[in-house]
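Encoded as structure tokens, the structure appears first; notes follow it.
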Amino acid sequence: MATPHFTRRRFVGQLSAAAALALAPRWSLALDQPPPAKKLGVALVGLGNYSRGQLGPALKETRFCRLAGVVTGDAAKGRRWARDYGFSEKNIYHYNTMSWLADNPEIDVVYVVTPNSLHAEHTLAAAKAGKHVICEKPMAVSVAECDAMIGACRSAGVRLAIGYRLHYDPYHREMMRLAEPGEWGPFTRMNGAFSFPMGDRPWRAIRRFSGGGPLMDVGIYVLHAACMAAGGVAPVAVTAQEILPKSRPDIFQDVEETITWQMEFAGGGVCDARSSYAEGGNRFRAENDKGWIDFSSAYIYNGLAATTSRGPLSFRHPEVNQQALQMDAFARDVLDDRPSLVPGELGRRDMAIIEAIYTSARTGGQRTEVKV
Ligand code: NAD
């Protein structure tokens, strides 16, 4: 069976023969299988840019889950969503009434898409209501919060996954495949950046909402890619430097504007990374003695571009929707009782790396061990 937006046959048909053969066993997101009798119901918590622009539309394409409700501070907005997505107005909740979700069998999954410092509160509320949780990155604003979230979901017997959409993107999957021992093995020399110029002072520039600056928001993609490229492991230590003076101290009053950091992996691998709200940047490169992969456009929703030492990768399939694949994979994992590729523990690992990076930056770039 094929989805309207993505068929395995079409996807594979657009790979080089060798890459297709190599990818086939791993590209097992089970989209060939028949959809369930009932799609899991998802409630989005927070109807901002990401929900409106990406997750909502993706939930029109998913085969194993559908948008069944929302949690919002704006009831009128909730009613517009109910109309647009065809769910009952009784499935509109306020942040303060999330406990009522417990009585709603139409909602199976709560997807937390609020500012970073609210992720823990909303995940705990969803778990208490007995709902599975997908939480956006960064998982929270501290490792302690991540522990509380993992503990709450475990006690409630619900699943917790993080919105790491790139695990479902074919370019990043190919990088992970190349880093496997039977292929080129873990990459050892890496560098990357994810930055964009931010012009005003939204919650992202206010520490009590964001927990930090660009590192929390987009730099996390670079450190996550480095861990993927290093074979799915965390670095043992980091060093970091905040770039000063800030070019716009009025906007970035209590978060960094630009930060650089270095990651050191157990096998001798290293990564040089940068993230900023004062410039553009969207790249990642990983190499080892066997080969390299170079993303000129590394973290976007579609239109990624990468070349390897074997030649350009061409996954020209605009119909691949990272978010739809990610949410369908979560729904399948729930339905089939399989472990997630992107569990809460992965979000916690990244938070431990982020905390070590901030510690190093605060202490003048001292080498700081990562305790995962
Ligand atoms: P946004 O500001 O556009 O939306 C945030 C939503 O939270 C708004 O609807 C806002 O009303 C609501 N909200 C609830 N309580 C709030 C409060 N006290 N203060 C401010 N807003 C409050 O943000 P966004 O870009 O949609 O990001 C939301 C989350 O999604 C963030 O954690 C972000 O890191 C993540 N995100 C992930 C991706 C991805 O590619 N995975 C992309 C964008 C954003």
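These numbers come from a predicted model, not from an experiment. In each ligand, atom 1 is the first atom listed, and ligand 1 is the first ligand listed. As a basis for the values below, the full set of heavy atoms in this structure was taken, side chains included, without hydrogen atoms, waters or symmetry mates.
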(request) Measure the distances from the heavy atoms of Gln54 to every atom of ligand 1 and state whether one is below 4.0 angstrom. (result) no

(request) Would you kindly check if the NZ (Lys) or CZ (Arg) of Arg283 is within the cone defined by 45 degrees around the ring axis of Phe295 and under 6.0 Å from the six-membered ring centre? (result) no

(request) With heavy atoms under 4.0 Å as the rule, classify the contact between Arg208 and ligand 1 as side chain, backbone, both or neither. (result) neither

(request) Among residues two or more places apart or on two chains, list those pairs meeting ring pair (Phe, Tyr, Trp, His ring centres under 6.0 Å) that have a residue in residues 122-148. (result) Tyr95-His122

(request) Any atoms of ligand 1 less than 4.0 Å from a non-hydrogen atom of His119? List them with their elements. (result) 32 (O)

(request) Return yes when Gln323 approaches ligand 1 closer than 4.0 angstrom through a heavy atom, no otherwise. (result) no

(request) Mark up the atoms of ligand 1 that fall under 4.0 Å of a heavy atom belonging to Arg165, in ascending order. (result) 39 (C), 40 (O), 41 (N)

(message) Please check this pair: side chain of Lys137 against backbone of Asp217, looking for a donor-acceptor N/O pair closer than 3.5 Å.
(response) yes

(message) Ring of Trp261, cation from Arg274 - is the NZ or CZ under 6.0 Å from the centre and inside 45° of the axis?
(response) no

(request) Apply side-chain hydrogen bond (donor to acceptor under 3.5 Å, both in side chains) to Asp254 and list each qualifying residue two or more places apart in sequence or on a separate chain. (result) none

(request) Among Asp272, Asp294, Asp289, find the residue that satisfies the salt bridge (Lys or Arg N to Asp or Glu O under 4.0 Å) test when tested with Arg189. (result) Asp289

(message) Quick check on the 6.0 Å ring-centre criterion: do His172 and His224 meet it?
(response) no

(message) Against ligand 1, does Pro115 come closer than 4.0 Å with any heavy atom?
(response) yes

(request) Distance to 0.1 Å, residue and atom name: give those for the protein heavy atom nearest to atom 28 (C) of ligand 1. (result) Val113 O, 3.2 Å

(request) Do me a favour and list the nearest non-hydrogen protein atom to atom 9 (O) of ligand 1 with residue, atom name and distance? (result) Gly48 N, 3.1 Å

(message) Checking Tyr93 against Asn104: is there a side-chain donor and acceptor pair closer than 3.5 Å?
(response) yes

(request) Check each atom of ligand 1 against the heavy atoms of Gly163 and keep those under 4.0 Å away; list them by number with element. (result) 41 (N)

(message) My understanding is that we take every heavy atom of each candidate and find the minimum distance to atom 23 (O) of ligand 1. Doing that for Tyr301, Tyr50, Tyr164, Trp203, which one comes out nearest?
(response) Trp203

(request) Taking Glu242 for its side chain and Ile259 for its backbone only, find out whether a donor-acceptor pair lies under 3.5 Å. (result) no

(message) Tell me the protein heavy atom at minimum distance from atom 32 (O) of ligand 1, and give that distance in Å.
(response) Asn116 OD1, 2.8 Å

(request) Under 4.0 Å, heavy atoms only, figure out whether ligand 1 is touched by the backbone of Tyr221, its side chain, both or neither. (result) side chain

(request) Look at atom 11 (O) of ligand 1 and say which protein heavy atom is nearest, naming residue and atom and giving the distance to 0.1 Å. (result) Tyr95 OH, 4.4 Å

(message) Main chain of Arg165, side chain of Gln322: is a donor-acceptor contact present, judged purely on distance under 3.5 Å?
(response) no

(message) Can you tell me which portion of Leu47 lies within the under-4.0 Å heavy-atom range of ligand 1? Options are side chain, backbone, both, or neither.
(response) backbone

(request) Determine, using heavy atoms of Tyr299 and all atoms of ligand 1, whether some pair is separated by less than 4.0 Å. (result) no

(request) Would you mind checking which non-hydrogen protein atom is closest to atom 44 (C) of ligand 1, with the distance to 0.1 Å? (result) Arg204 NH2, 3.5 Å

(message) Starting from atom 34 (O) of ligand 1, what is the nearest protein heavy atom, named by residue and atom, and what distance separates them?
(response) Lys137 O, 2.8 Å

(message) For atom 29 (C) of ligand 1, what's the nearest protein heavy-atom neighbour? Residue, atom name and distance, please.
(response) Thr114 O, 3.4 Å

(request) Following the transitive rule for hydrophobic clusters with a side-chain heavy-atom cut-off under 4.5 Å over Ile, Leu, Val, Met, Phe, Trp and Tyr, establish whether Tyr164 and Val372 coincide in one cluster. (result) yes

(request) Please report which non-hydrogen protein atom sits nearest to atom 30 (O) of ligand 1, along with the residue it belongs to and the distance in Å to one decimal place. (result) Glu136 CG, 3.5 Å

(message) I'd like to know if the side chain of Ser360 and the backbone of Gln366 have a donor-acceptor N/O pair within less than 3.5 Å.
(response) yes

(request) Tell me which part of Leu118 gets within contact of ligand 1: side chain, backbone, both or neither, using heavy atoms under 4.0 Å. (result) side chain

